[in-house]
Enquirer: 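My structure is below; once you've seen it, I'll send some questions.
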Amino acid sequence: MYLLLAAHADGAAIQRVSPAGKATADARVVSASELPDVVHELEAQRPRWVWLRTQDWYPALLAAGVELERCHDLALCGAILAHSEFTAHTNYALNAEKLTQDDGSQPPRALQPPAPPAEQGALFEDPGPRQAQAGLEELRTEFAAQQHALVQAPADKQKRLQLLLAAESATAMIAAEMQHSGVPWREQLHEEILAGHLGPRPPAGHRPAKLEALCAELRSILKSPNLNPDSPQDLMRALHRNGIEVKSTRQWELQESSHPVIEPLLAYKKLSRLHTANGWAWLDTWVRDGRFRPEYVVGGVVSGRWASRGGGALQIPRNIRGAVHADPGHKLIVADASQLEPRVLVALAQDTKMAEAARGKDLYAGIAAQGFGGDRAKAKIALLGAIYGATTGESGRLMPQLARTYPRAVGFVEQAARDGEAGRTVTSRLGRSSPPPSQGWLRSQRSTTAEEQRRADSLARSRGRFTRNFVVQGSAADWASCWLAELRRRLRTLRAEGSPSGELVFFLHDEVMVHAPDDAVDACIRAIEESANAAKELLFGAIPVEFPVSIAVVDSYDKAK
DNA sequence: GCTCTTTGCGCG
DNA sequence: AAAGCGCGCAAAGAGC
């Protein structure tokens, strides 16, 4: 059963529709204030809520204490259907293409423009003149068009695409739920870490004591009393004056030199990073009442990975993970899909030889034993190089060796690279396709002069590396979305049964964090493992490739891994 | 003054 | 540790 939820002048409008998007009942207009109660009541029928964007509705419902089971996010699903190779022949995709000027990366139809940053709590109020909300009829038309496009996909692809749309919509709900619950974060512990590294909190706009001391030391060693070590240009000039001939001020390049300034300089850079990116200002801005509440952007990456907005949620550095701490009587369960991308490649390419190597917990060790004389480091470099498209360095040199042992796996990514170089799109396992080449790229490929030709070849190879990586990263993102959606379902089931259960609080590409009361830990671990297995079967069926999950039960995040 | 780009580094 | 993929963010630098 599908229930459409659309903005309306008097609040919201709700209408029951068929799977094909036909209205099967009259619309019902509900005021903003009574919406949570009405939605909660209707949820008993276990509908799939169809709305333009999850973040327009769900955060405020959660704030009102209403959790929902499933939805269809028209904006996210529309973006997938407009570009998927599986529906490229449909009117839906063709119309979307007509409406986009350049690279086709914009969402289709009425779904533009994309979301403004959503202010929690303001969502049921007047959306303002900035953007007219799509009405019920518009949404119904859009939903019908999407459902029609879906059934036109080739029979063997339709199930996958349907799964992708469901998983994408589920993760949109999960992102809202995670933002609602927040990551358990102890301000006190964070401040202790900062004080330990940087000294006491300085007045706003000032360097902390330890940074100030290092800065003075750098100025003295480099005989540059006005040096600003935060300015790459200034720093580079000072280094050159002292005979340190670097081309940039990057860490790894500075490490080449043995000059006495290097050690304090690297120490300065490290501490400066901590201060500016995750210091007191960050803590004040992003952590409230023991929770870090970042904004996740589902579908924010072309490959299907999440992005985030504000707070650097997907870049929590290792040195402050100690501040992520479970509540009393609770644990953090941190689960990581081991070597996800290589394993996804094995499954995509159906490389039986590499599947043998992946039988054990450590895939790289297995590959090392089969073709690299037991040298695990070499095997890892070679395999990652194949996925990323390395051409030079050790990684590039190891490619022929890897290709001899695993022609199917290497052939699979090579094909994706050739597709990209030729301007074709590539597609993830469940049907998310890479963006088509831009007009500028296509123009470059028709260039004539030798100089232009060299540039065009370089652009073509660059696109090849992108599409090569896309098929693996995108399919890994497919897997992770299914893992997450399955896990959410199991945690909800536990709760519905009245059993102890945990709460999803963080997700990072191939890693999830569940915050759970002590007595729920075992059940949560089982749910995480079952979900990983379910995700594999959903994507690939019953194939002999394992997707092992490593799980740590800890009090604080720094104790995981 | 303001906005946009570049540099460098954090994460997977 | 790498130089090959995908991101976000802070501060400096460049341009209007």
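Convention: sequence-line order gives letters A, B, ...; per-chain numbering from 1.
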Enquirer: Between the two end axes of the helix from dG1(B)-dC16(C) to dG12(B)-dC5(C), each built from 5 base pairs, what angle do you get to the nearest 10°?
Expert: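 So the angle between the two local helix axes works out to 10°.
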Enquirer: Quick one: label Gly311(A) by what it contacts on the DNA or RNA (base, sugar-phosphate, nothing), any heavy atom closer than 4.0 Å.
Expert: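 Sugar-phosphate contact only.
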Enquirer: Could you pull out all residues at least two apart from His197(A) that satisfy ring-ring contact (aromatic ring centres under 6.0 Å, His included)?
Expert: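 Residues passing ring-ring contact (aromatic ring centres under 6.0 Å, His included) with His197(A): none at all.
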Enquirer: For Tyr268(A), check ring-ring contact (aromatic ring centres under 6.0 Å, His included) against everything at least two apart and list the hits.
Expert: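 Per chain and number, Tyr268(A) pairs via ring-ring contact (aromatic ring centres under 6.0 Å, His included) with no residue.
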Enquirer: Whole angstrom is fine here: how far is it from CD1 in Ile316(A) over to P in dG8(C)?
Expert: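 Answer to the nearest Å: 15 Å.
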Enquirer: Over all heavy atoms of both residues, which pair between Leu189(A) and Gly322(A) is shortest? Give the atoms and the distance, please.
Expert: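 Nearest pair, atom of Leu189(A) first, then Gly322(A): CD1-O, 3.7 Å.
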Enquirer: Nearest whole angstrom, please: distance from the P of dG6(C) to the CZ of Arg463(A).
Expert: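 Arg463(A) atom CZ is separated from dG6(C) atom P by 11 Å.
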Enquirer: Can you label the angle between the Phe292(A) ring and the Trp185(A) ring as parallel, tilted or perpendicular, going by 30° and 60°?
Expert: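 Aromatic pair Phe292(A)/Trp185(A) classed perpendicular.
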Enquirer: Answer with base, sugar-phosphate or nothing: what part of the nucleic acid does Ser303(A) contact at a heavy-atom distance below 4.0 Å?
Expert: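 Since no nucleic acid heavy atom lies under 4.0 Å of Ser303(A), the category is nothing.
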Enquirer: Mind checking if Arg468(A) touches a base, just sugar-phosphate, or nothing, with heavy atoms under 4.0 Å?
Expert: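 If one applies the 4.0 Å heavy-atom cut-off, Arg468(A) turns out to touch nothing in the nucleic acid.
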Enquirer: Using every non-hydrogen atom in the two residues, find where Lys378(A) and Glu394(A) come nearest and quote the distance to one decimal.
Expert: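 Taking Lys378(A) first and Glu394(A) second, the nearest heavy atoms are CG-OE2, 3.8 Å.
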Enquirer: Quick one, Arg432(A) with Glu168(A), criterion salt bridge (charged side-chain N to carboxylate O under 4.0 Å, His left out). Give me CA distance, side-chain angles, the key distance, then yes/no.
Expert: CA-CA 11 Å; Arg432(A) 191 188 309 267; Glu168(A) 184 87 342; 2.8 Å; yes
Enquirer: Can you tell me the distance, in whole Å, between the CZ atom of Arg343(A) and the C1' atom of dG12(B)?
Expert: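 Checked: the CZ to C1' distance equals 17 Å.
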Enquirer: Counting only non-hydrogen atoms, which of residues 209-236 of chain A are less than 4.0 Å from DNA chain C?
Expert: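 When residues 209-236 of chain A is checked for heavy atoms under 4.0 Å from DNA chain C, the hits, listed by number, are Asn228(A), Asp230(A), Ser231(A), Gln233(A).
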Enquirer: Nearest heavy-atom pair of His325(A) and Ser556(A): which atoms, and what distance?
Expert: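 Closest approach of His325(A) to Ser556(A): CD2-CB, 3.8 Å.
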Enquirer: Rounded to the nearest 0.5 Å, what separates atom CZ in Arg291(A) from atom CZ in Arg186(A)?
Expert: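 One finds 9.5 Å between CZ of Arg291(A) and CZ of Arg186(A).
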Enquirer: Looking at DNA chain C, which of residues 265-277 of chain A put a heavy atom within less than 4.0 Å of it?
Expert: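 Listed by number, they are Arg273(A), Thr276(A).
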Enquirer: Quick check with a 6.0 Å cut-off and a 45 degree axis cone: is Arg463(A) positioned over the face of Trp441(A)'s six-membered ring?
Expert: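 Judged by the rule (NZ or CZ under 6.0 Å from the ring centre, within 45° of its axis), Arg463(A) counts as positioned above Trp441(A).
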Enquirer: Under 3.5 Å, which protein N or O atoms sit close to an N or O of nucleotides 1-5 of chain C? Give each pair with its distance.
Expert:
{"residue": "dG4(C)", "atom": "OP1", "partner": "Thr392(A)", "partner atom": "OG1", "Å": "3.4"}
{"residue": "dG4(C)", "atom": "O3'", "partner": "Arg465(A)", "partner atom": "NE", "Å": "3.0"}
{"residue": "dC5(C)", "atom": "OP1", "partner": "Arg465(A)", "partner atom": "NE", "Å": "2.8"}
{"residue": "dC5(C)", "atom": "OP1", "partner": "Arg465(A)", "partner atom": "NH2", "Å": "3.4"}

Enquirer: Between Pro294(A) and Tyr296(A), what is the shortest heavy-atom contact and its length?
Expert: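 Closest approach of Pro294(A) to Tyr296(A): CG-OH, 3.3 Å.
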Enquirer: Would you kindly give the NZ-to-P distance between Lys247(A) and dG8(B), to the nearest whole Å?
Expert: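 Taking atom P of dG8(B) as the reference, NZ of Lys247(A) is at 12 Å.
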Enquirer: May I have the distance from Asn278(A) (atom CG) to dG8(C) (atom C1'), rounded to whole angstrom?
Expert: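 Checked: the CG to C1' distance equals 12 Å.
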Enquirer: May I have the distance from Arg207(A) (atom CZ) to dA11(C) (atom P), rounded to whole angstrom?
Expert: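 From Arg207(A) CZ to dA11(C) P: 11 Å.
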Enquirer: Sort out for me which residue in Asn228(A), Leu235(A), Val261(A) forms a side chain to side chain contact (heavy atoms under 4.5 Å, CB included) with Leu218(A).
Expert: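 The option that passes is Val261(A).
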Enquirer: Going through the distances and angles, do Lys561(A) and Asp336(A) end up as a salt bridge (charged side-chain N to carboxylate O under 4.0 Å, His left out)?
Expert: CA-CA 9 Å; Lys561(A) 276 202 260 196; Asp336(A) 176 302; 3.3 Å; yes
Enquirer: If you compare all heavy atoms of Ile333(A) against all heavy atoms of Ala516(A), which two are closest, and at what distance to 0.1 Å?
Expert: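 Reported closest heavy-atom pair: CD1-CB, 4.1 Å.
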Enquirer: Whole-Å distance between dC11(B) P and Leu340(A) CG?
Expert: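 The answer, rounded to whole Å, is 19 Å.
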Enquirer: Would you check if the distance from the ring center of Trp280(A) to the ring center of His190(A) is below 6.0 Å?
Expert: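 Ring centres of His190(A) and Trp280(A) not closer than 6.0 Å.
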Enquirer: Starting at CD of Gln315(A) and ending at C1' of dA10(C), how long is that distance when rounded to a whole Å?
Expert: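 Checked: the CD to C1' distance equals 11 Å.
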